[in-house]
Engineer: 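Supplied in structure tokens, the structure appears directly below.
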There are 2 protein chains.
Amino acid sequence: MTDSPYQVIKRSIAQGIAAGQWQVGQALPSEHALVRQFSVSRMTVNRAMRELANENLIRRVPGVGSFVAVPAAQSALVEIRDIADEIAARGHAHSARILHLARIGAPADVAAAFGVSVASILYFSRILHLEDGVPLQLEQRYVAPHLAPAYLDQDYALITPHAYLSRVAPLREGEHQVRAVMPDSLQTRLLQTEVDEACLVVVRRTWSNAGLVSLAELWHPGARFALTGKF
Amino acid sequence: MTDSPYQVIKRSIAQGIAAGQWQVGQALPSEHALVRQFSVSRMTVNRAMRELANENLIRRVPGVGSFVAVPAAQSALVEIRDIADEIAARGHAHSARILHLARIGAPADVAAAFGVSVASILYFSRILHLEDGVPLQLEQRYVAPHLAPAYLDQDYALITPHAYLSRVAPLREGEHQVRAVMPDSLQTRLLQTEVDEACLVVVRRTWSNAGLVSLAELWHPGARFALTGKF
DNA sequence: GAGTGGTCTAGACCACTCA
DNA sequence: GAGTGGTCTAGACCACTCG
């Protein structure tokens, strides 16, 4: 899957940081030391470290060394909210129907977003979230197996995937994309939308320190859902 | 400044794309060709191209080639940005068609959002923003007359309403709501959307220190526009 | 089989920092 | 001067696609 040498080194460093093996601000091994440790050439180590720096996991200072970065200031730009919490906050009842839960081969677009090869094994869940029994969100989620090995064994009627993943792989950063899309027939049926009703789709990718954890497609009925924000 | 070989190559390709030297979807020169053209090693070309791919400027397909990526029109979820700036930042040309500019009586829903009585006088503008001649945003804006008395006298082909309002009534806070809606026939015609193409609608209210300045409905073609955000 | 991108090697030179 | 990261070279092997 993700087993080329530079990725092995990246993961090793990232997990070491996540595990607290190195404290914030502390110096990491030099490139030369990693060359010896992993028995690779310096270009390979360099690429791993450069990418970690791009991801703001480490900070590199020419002539000095590489250091564990201070964790990104988590300002409340766009908070990531749990659908169950949101519904509860409105004083309504949340329920969930688990429609699909399995390991699957990554489709081409998902593989590209995940940075893995097509047909790599991912965990997949399709869950319909209802508010007072009315469909509000169809959640289709792809999860990196090695970052949440027990993902398929949870009972998502009791805990949402987002809540579970937050526990086993705390999120470091995320990214969403919001689109307006017409649903296909499956989605229309599940969300019980009218003909000619669009869907608001949020595609959300979340990273823990160890890498990309999950890609979620959240489909909402256009007539019954809006995203709001203040600034 | 930024004159190392891989950066020179990056800039060369990026500018070529911006200048239309290669069309969207078109194949770019292979790494081997670039090696000859720039007289560098393949690792150097590879780094340039890999970074362009990370920046979503090009798409690379192993065994096939590198191609100019479809320029995903994207806009920030949280920050409020001027549509003209956004388009310019992508290296494209912004233009605007002023469709309507007048004082009108507030419709019921707008009056409610503004906190004024129905049929109160508001300024109204309807402007179509185009990216390289293609419609990207239909802006329908209601403005409080006493907070921007000269609103109707501006030339919105030269300055966007948002830019003008930012000058005369600096925004203190704002609020948006994002929805997926099917356009009506007027909107379909103006935005040149396909049948069965939804619109992503942002309704944005902005306040200056003196009160609610403006309510804007921003309609975007669903197939050509997405909002993005990071956290 | 020819062409493509993905990755790696084993060196190298440079500018920089620190003691 | 010893150590660091930034960058580059001139090859190489691989998996993949396409005709």
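Since we're looking at a predicted model, the values are computed, not measured. By convention in this document, chain letters (A, B, ...) are assigned in the order of the sequence lines, proteins followed by strands, and residues within each chain are numbered from 1.
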Engineer: Hunt down the Watson-Crick or G-U wobble partner of C:dG5, both distances under 3.5 Å, from any strand shown, or write none.
Structural biologist: D:dC14
Engineer: Return the value, rounded to whole Å, for the distance between atom CZ of B:F38 and atom C1' of D:dT7.
Structural biologist: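 Atom CZ in B:F38 sits about 17 Å away from atom C1' in D:dT7.
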Engineer: Identify which nucleotide among D:dG6, C:dG6, D:dC8 has an atom closest to any side-chain atom of B:S4, counting heavy atoms from C-beta outward.
Structural biologist: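 Nearest to the side chain of B:S4 among the choices is D:dC8.
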Engineer: Please determine, for the side chain of A:Y6, which listed nucleotide (C:dG5, C:dC8, D:dC8) has the closest atom?
Structural biologist: C:dC8
Engineer: Spell out, as yes or no, whether a donor-acceptor pair under 3.5 Å connects the side chain of A:E55 to the backbone of A:L52.
Structural biologist: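 Looks like no, no N/O pair under 3.5 Å.
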Engineer: Roughly how many Å is it from CZ in A:R60 to C1' in C:dA15, rounded to a whole number?
Structural biologist: 15 Å
Engineer: Rounded to the nearest Å, what distance is computed from the CZ atom of residue A:R42 to the P atom of nucleotide D:dT9?
Structural biologist: 15 Å
Engineer: If only atom types and distance count, is the side chain of A:E197 paired as donor or acceptor with the main-chain N or O of A:A223 below 3.5 Å?
Structural biologist: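 Yes.
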Engineer: Starting at CD of A:E31 and ending at P of C:dC16, how long is that distance when rounded to a whole Å?
Structural biologist: 18 Å
Engineer: Starting at the 5' end of DNA chain C, which residue's closest nucleotide do you reach first, A:T44 or A:V61?
Structural biologist: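 That would be A:T44.
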Engineer: Report yes if at least one side-chain N or O of A:S30 is closer than 4.0 Å to OP1 or OP2 of D:dT4; otherwise report no.
Structural biologist: yes
Engineer: What is the separation between atom CG on A:L34 and atom C1' on C:dC8, rounded to the nearest whole Å?
Structural biologist: 16 Å
Engineer: Roughly how far, to the nearest 0.5 Å, is the CD atom of A:E139 from the NE2 atom of A:H162?
Structural biologist: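 If we round to the nearest 0.5 Å, A:H162:NE2 and A:E139:CD are 9.5 Å apart.
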Engineer: More 5' along DNA chain D: A:A33 or B:P62, using each one's nearest nucleotide?
Structural biologist: A:A33
Engineer: Within the modelled atom types, does a donor on one side and an acceptor on the other bring the side chain of A:R47 and the base of C:dG6 under 3.5 Å apart?
Structural biologist: no
Engineer: Identify which nucleotide among C:dA10, C:dG5, D:dG11 has an atom closest to any side-chain atom of A:M43, counting heavy atoms from C-beta outward.
Structural biologist: C:dA10
Engineer: Can you check whether A:G20's main-chain N or O pairs, donor with acceptor, with A:Q23's side chain at less than 3.5 Å?
Structural biologist: yes
Engineer: Distance only, no hydrogens: is a donor on one side chain within 3.5 Å (strictly under) of an acceptor on the other, for A:R224 and A:H220?
Structural biologist: no
Engineer: Which of the following nucleotides, D:dG5, C:dT9, D:dA10, is nearest to the side chain of A:S41?
Structural biologist: C:dT9
Engineer: Please report, rounded to the nearest Å, how far the P atom of C:dT17 is from the NE2 atom of A:H32.
Structural biologist: 22 Å
Engineer: What nucleotide, of C:dT4, D:dT7, D:dT17, holds the atom closest to the side chain of B:V64?
Structural biologist: D:dT17
Engineer: Counting heavy atoms from C-beta on, name the nucleotide in D:dA10, C:dG5, D:dG6 closest to the side chain of A:N46.
Structural biologist: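 Comparing D:dA10, C:dG5, D:dG6 against the side chain of A:N46, the answer is D:dG6.
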Engineer: Rounded to whole Å, please give me the gap between CD in B:E51 and P in D:dC8.
Structural biologist: 10 Å
Engineer: Please state how far atom CG in A:N54 lies from atom C1' in D:dG5, giving the value in whole angstrom units.
Structural biologist: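 Interatomic distance, CG of A:N54 to C1' of D:dG5: 14 Å.
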